[in-house]
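Working notes for the structure below.
Heads up: numbering here begins at 1 and tracks the sequence. Each ligand, and each atom within it, is numbered from 1 in the order the structure gives. For clarity, every value in this text was computed on a predicted model and none was experimentally measured.
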Amino acid sequence: MRGGSGLDLLIFTDNPGTRETRLVHEEALRRGLRVEVKTPWDLSIPGSLPRDMGLVYVPSNMFHRGSTFELVNRFLILEELGREAVIINPLMSLLRYSKEHLTLKAGRIGYSHPRTLVTESIEKAYEFASELLDEGKDVVLKPVCRARGVGVTRLSEIRCREDLMQFLAWYSRRHGAGVFYLQEFVENRGYDVRVFVVDGEVVGRMKRSNPGDWRYNASRGGVAEPFEDPVYDELAIRVAEAMDLKITGVDVLPGKDGTPYVLEANCYPGYTHLMAATGIPIYEKIVDFFQRTLKR
Ligand SMILES: Nc1ncnc2c1ncn2[C@@H]1O[C@H](COP(=O)(O)OP(=O)(O)OP(=O)(O)O)[C@@H](O)[C@H]1O
Ligand SMILES: [Mg+2]
């Protein structure tokens, strides 16, 4: 695909063993692309950065799981690689990736999103939570950037209102890392819909429900089934575009009244459950997109 000695595709990841990464790697090799998998500890500055590449694909969240020093190192490596290569997802979208970014965009481009507050102030978190609880609503607390339902908690699980401040302090230490993301609990139809978008097109959808938990994530025991209805496609494409995500899984929670609440646009979406539920080879769609990009 590319002339010279360069690579077509560099898969840059701090978690090279995932099934998704292997599938994309093998598919790219099958199609004759020159591809390598590198981790942040394979590359050192200034000497060993690969040159003359077409594409850099970042399939794992290597910015938010490490230290801030690792974040800066990885950001600078990617910025340098990005001088020549296309980075997917785009570098700034990787850096901004958080539920907070989605909340900001919701306000700006106007899709339905539950009432949400993001704050570093425990007092403001307390006020917001109390207000919702006083209205008889339940409140969901989430880490701004983690997946698979980890740390997603409902305040109704606390013993009494007197425990609220103590609980918030504990939550911040355990899951929040100093930032509170509080959201109104949306009464819903018992399922959410994951819409998988690649390069502005929907390539797969699934519906998730969970008889044992209000969190429908597969990792919490949620059950996935195909969702054939394209009703949320346009919304998901709009969200992907607003977040500047070329590969994303958009989570839509249909409220009881049918309002589709956008909960998340995942920057590093897994898709083994989606493939199992639908039979769609998502990794092929991803490599199709890479080949289109390399030809541009
Ligand atoms: N505001 C809410 N109201 C009702 N249910 C919610 C709300 N927020 C989250 N949930 C439930 O919790 C699940 C997990 O929440 P969410 O998708 O926001 O986080 P996550 O799955 O950890 O993150 P990611 O989607 O990045 O993997 C949702 O699929 C949904 O079932
Ligand atoms: Mg989710």
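Between E184 atom CD and E135 atom CD the span is 7.5 Å, to the nearest 0.5 Å.
D251 contributes atom OD2 as its closest N/O/S atom to the Mg ion (ligand 2).
Evaluated for a side chain to side chain donor-acceptor pair (under 3.5 Å) with R205, the options D233, D229, T278 yield exactly one hit, D233.
The protein atom (non-hydrogen) at minimum distance from atom 12 (O) of ligand 1 is R215 CG, 3.4 Å. Considering only non-hydrogen protein atoms, atom 3 (N) of ligand 1 sits nearest to V186 N, 2.8 Å. The nearest protein atom to atom 22 (O) of ligand 1, hydrogens excluded, is given as G149 N, 2.6 Å; this is a heavy-atom distance. What sits closest to atom 28 (C) of ligand 1 on the protein, heavy atoms only, is D192 OD2, 3.7 Å. Ranking protein heavy atoms by distance to atom 18 (O) of ligand 1, first place goes to K142 NZ, 2.7 Å. Looking from atom 14 (C) of ligand 1 to the surrounding protein, the closest heavy atom is N217 OD1, 3.2 Å. Among all protein heavy atoms, the one lying closest to atom 1 (N) of ligand 1 is E184 O, 2.9 Å.
Taking the charged nitrogens against the carboxylate oxygens, R74 and E79 have no contact shorter than 4.0 Å, which rules out a salt bridge. Between E131 and R115, at least one side-chain nitrogen of the basic residue sits less than 4.0 Å from a carboxylate oxygen of the acidic one, meeting the salt-bridge criterion. Ion pairing of R65 with D14 is present here, as a side-chain N (NZ or NE/NH1/NH2) and a carboxylate O approach within less than 4.0 Å. Under the 4.0 Å criterion applied to side-chain N and carboxylate O atoms, D199 and R296 are assigned as salt-bridge partners. Remark: E27 engages R30 in a salt bridge, criterion side-chain N to carboxylate O under 4.0 Å.
In this structure, Y97 has a heavy atom closer than 4.0 Å to ligand 1. The closest approach between any non-hydrogen atom of K99 and ligand 1 is below 4.0 Å.
At a heavy-atom cutoff of 4.0 Å, ligand 1 is contacted by both the backbone and the side chain of W214. When heavy-atom distances to ligand 1 are checked against a 4.0 Å cut-off, Y268 has no atom that comes that close, whether in backbone or side chain.
Ligand 1 places these atoms under 4.0 Å from at least one heavy atom of E264: 23 (O), 24 (P), 25 (O), 26 (O). The ligand atoms of ligand 1 that sit less than 4.0 angstrom from a heavy atom of R146 are 22 (O), 23 (O), 26 (O). Atoms of ligand 1 lying under 4.0 Å from at least one heavy atom of L253, given by number and element, are 3 (N), 4 (C), 5 (N).
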Checklist entry - Would I247 and I88 count as a side chain to side chain contact (heavy atoms under 4.5 Å, CB included) if you check the C-alpha gap in whole Å, the side-chain angles of each, and the deciding distance to 0.1 Å? => result CA-CA 8 Å; I247 298 174; I88 290 167; 3.7 Å; yes

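Below 3.5 Å of separation, one finds no N or O of P114 facing any N or O of ligand 1. In terms of N/O distances under 3.5 Å, ligand 1 is approached by D251. Not a single N or O atom of V152, backbone or side chain, sits closer than 3.5 Å to an N or O atom of ligand 1.
No side-chain donor-acceptor contact under 3.5 Å links N15 and T13. Using modelled atom types and a 3.5 Å distance limit, the side chains of S156 and D138 yield a donor-acceptor pair.
Other residues, nucleotides and ligands contribute at most 12 non-hydrogen atoms within 6.0 Å of the CZ atom of R19.
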